[in-house]
There are 2 protein chains.
Amino acid sequence: MATIKDVAEKVGVSVTTVSRVLNNRGYLSEDLKRRVYEAMKELNYQPNELARSLFRKKSFIIGLIIPDISHPFFGEFARYVEEYAYKNRYKVLLCNSQLDNKKELDYISMLRASQVDGIIMGSHTLDTEEFTTINLPLVTLDRQLSESIPYVSADHYKGGVLATKLLIRKGCRKIAHISGNLKLHLLAKSRYDGFLDTVTKANIPHVVVETDLNGFKYDEYEKIVEDLFRQHPDIDGVFASSDVIAAQVLKECRKLGKEVPKDVKVIGFDGIKLGRYITPGLSTIQQPIKEIAKTSVQLLIDQINGKEVQRENILPVKLVEKETT
Amino acid sequence: MATIKDVAEKVGVSVTTVSRVLNNRGYLSEDLKRRVYEAMKELNYQPNELARSLFRKKSFIIGLIIPDISHPFFGEFARYVEEYAYKNRYKVLLCNSQLDNKKELDYISMLRASQVDGIIMGSHTLDTEEFTTINLPLVTLDRQLSESIPYVSADHYKGGVLATKLLIRKGCRKIAHISGNLKLHLLAKSRYDGFLDTVTKANIPHVVVETDLNGFKYDEYEKIVEDLFRQHPDIDGVFASSDVIAAQVLKECRKLGKEVPKDVKVIGFDGIKLGRYITPGLSTIQQPIKEIAKTSVQLLIDQINGKEVQRENILPVKLVEKETT
DNA sequence: CCGGATGTGTCAAACGGTTGATATAAGAAC
DNA sequence: GTTCTTATATCAACCGTTTGACACATCCGG
């Protein structure tokens with residue numbers, strides 16, 4: 001690849017001059033600029049961002065750590081993170097942790113070494129202390145880490161309440177909640193809290209199953225849902241903590257000959273695009289994924305630029321009622 | 001962040017020595033190594049990859065350009081690309097083109113400037129000539145670019161034939177094919193060829209609808225499918241060129257009161273994980289996404305390392321029959 | 001014709017590493 | 001007591017950029 005030196009030689013000036021043209025600094029005659037740009041074009045020259053980043057101590061790269069990009073929620077999240085990063089001239093380094101503690105830690109090292117300007121953390125297998133050494137602008141998704149680290153999250157509690165209330169209103173007498181991991185101290189746990197508070201207040205029999213203990217093992221969902229209905233055949237309402245799990249519930253109901261929504265009502269969570277393709281149409285609590293991503297990127301860039309940012313960023317959820325309730 | 005100089009000063013040796021320890025070159029006493037590593041730990045030191053990459057002329061970063069990471073096929077593809085890249089100590093820079101020509105071109109520039117070691121191209125809005133200036137190891141997904149650029153693809157033709165034959169065998173008398181973009185010179189077009197050849201040979205009435213003209217406009221699928229059934233109410237078999245579209249077909253059938261598979265049989269393409277969550281279970285042609293990703297990464301790394309690689313890499317597809325046929 | 005703007009361009013150090021060449025000391029071989 | 005190994009560590013140049021400091025013209029006013 002051509003370097004700035006090649007351009008300088010071709011034009012017959014020093015590299016400093018070419019650099020000045022590149023960055024538009026100092027006095028530069030129109031004629032000089034023209035000659036330099038021409039030479040760049042001819043040589044198919046592109047400034048080496050590595051060298052620039054090294055000097056500027058800024059790489060314009062952000063790290064995105066998530067559990068699994070092939071999970072629809074994170075896929076959509078990543079899509080919008082990329083979109084807003086791009087609009088701000090940042091590049092995105094994709095890191096799938098697969099909820100593997102070692103890989104997550106390793107990626108954090110790699111990102112630090114790669115001099116990324118900041119990290120968006122959507123995967124949370126690490127303890128709070130392990131973050132103390134990162135020393136980099138950070139934004140977390142759905143997790144409250146420390147006083148200084150801003151986080152973005154949907155209003156999970158409200159979502160849990162809305163979903164549960166809907167099921168109750170529709171006449172469910174025994175409701176199951178299939179939750180995500182309740183031990184990771186994620187804010188998503190509030191979905192469970194919202195469910196529990198609502199169901200308790202209304203004095204409705206209920207049962208909770210926890211999934212997703214380590215990773216997105218789609219295959220396990222099937223067994224979990226099967227077991228649930230075997231042990232509690234009288235369940236007539238299910239609040240699943242993700243649309244993917246809700247889809248699995250629908251599948252199981254079909255297998256058992258339970259009609260949805262007549263015999264069992266089902267509501268999911270996330271509001272992923274693919275929910276729209278499920279038949280019957282899936283009722284769900286929709287997270288504002290695009291806004292969550294946009295806010296995450298904005299908070300990160302603001303921090304990178306030394307601005308003060310708000311610590312708590314809770315975005316509203318929306319009940320979307322379709323055919324399964 | 002601590003630099004190598006800080007470490008050197010702390011240990012009381014030169015930076016060269018520390019660098020030697022870091023890279024395990026030359027004769028190094030055990031005692032020295034120990035002292036150096038200790039200092040590194042204490043200072044929370046990490047070598048600056050930017051500086052290293054600059055010197056080595058190798059960044060260990062690969063660029064991944066795809067249309068849309070939130071599309072399940074590309075999400076799964078990206079997941080595995082990341083997995084194999086990680087195993088080989090490469091990092092992945094995520095680029096969503098959204099099938100926007102300008103963005104795709106811009107990303108290629110950015111990747112070149114960022115000194116990535118190679119690019120996996122899964123988005124194809126560019127003309128062949130525009131690739132001549134890239135001058136970087138390249139692997140394309142589903143597209144044949146030039147003599148020198150290796151490509152990876154599933155056996156789309158065979159997939160098209162298998163899907164169509166299945167529909168015929170199951171007794172379909174009028175079959176529709178909802179294709180992807182037929183003008184982008186993608187190898188996926190062979191699904192269409194396979195369909196057409198099979199249906200023609202069997203002398204079965206058929207109709208083809210093209211989708212996906214510019215971007216993944218999920219919302220448009222609905223209208224397309226609606227129109228299809230309005231214009232051809234007698235269709236009793238649909239071969240959709242993606243599982244997402246197939247799901248939309250199922251939805252429409254339900255709306256129209258057509259029973260699947262009794263009245264209409266449906267088969268998709270891709271074999272994405274989420275297909276499993278659709279009810280009724282979606283029959284599909286499964287692409288070996290994991291293998292495709294693995295092969296892509298391997299071909300790229302081999303090229304980076306100066307090895308000769310095979311140009312054509314066609315991987316087998318598999319018919320997965322579920323409930324919709 | 002001197003002093004100061006004004007315009008144009010170069011020098012050299014710095015960013016944080018790596019590495020070939022080289023220096024130095026100690027011990028072994030002769 | 002040379003000479004040769006072997007072990008240990010340093011010097012200085014380099015990767016491709018950026019930028020503060022400075023040099024040199026040219027022009028203008030006085």
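Note on the helix from C:dC1-D:dG30 to C:dC30-D:dG1: terminal axis deviation equals 60°, with five pairs used at each end and the result rounded to 10°.
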>> Walk along nucleotides 23-28 of chain C from 5' to 3' and tag each nucleotide B, S or - by protein heavy-atom contact under 4.0 Å, base first, then sugar-phosphate.
In response: ------
> How would nucleotides 12-22 of chain D be written as a contact map, 5' to 3', with B for base contact, S for sugar-phosphate-only contact and - for no contact, using protein heavy atoms under 4.0 Å?
Replying inline: B-BBBBBBBB-
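Between B:His71 and B:Phe74, the ring planes lie perpendicular to each other; the angle is over 60°, past the 30° to 60° tilted range.
Each of A:Leu99, A:Leu94, A:Leu141 was scored for a side-chain contact (heavy atoms from CB on, under 4.5 Å) with A:Ile66, with one residue passing: A:Leu94.
In this structure, A:Arg35 places its CZ atom 11 Å from C1' of C:dT8, rounding to the nearest Å. For B:Leu28 and D:dA7, the CG to C1' distance is 10 Å, given to the nearest whole Å.
A:Ser19 and A:Thr16 share no side-chain donor-acceptor pair at under 3.5 Å.
Note that B:Lys57 lies outside the cation-pi zone of B:Phe55, set by a 6.0 Å cut-off to the ring centre and a 45° limit from the axis. Annotation: cation-pi pair B:Lys41/B:Tyr37 absent, no NZ/CZ under 6.0 Å from the ring centroid and within 45° of its normal. Relative to the ring axis of B:Tyr86, A:Lys103 places its NZ or CZ within 45° and under 6.0 Å from the centre.
Other residues, nucleotides and ligands contribute over 12 non-hydrogen atoms within 6.0 Å of the NZ atom of B:Lys33.
Residues A:Tyr84 and A:Tyr90 place their aromatic rings such that the two centres sit no closer than 6.0 Å.
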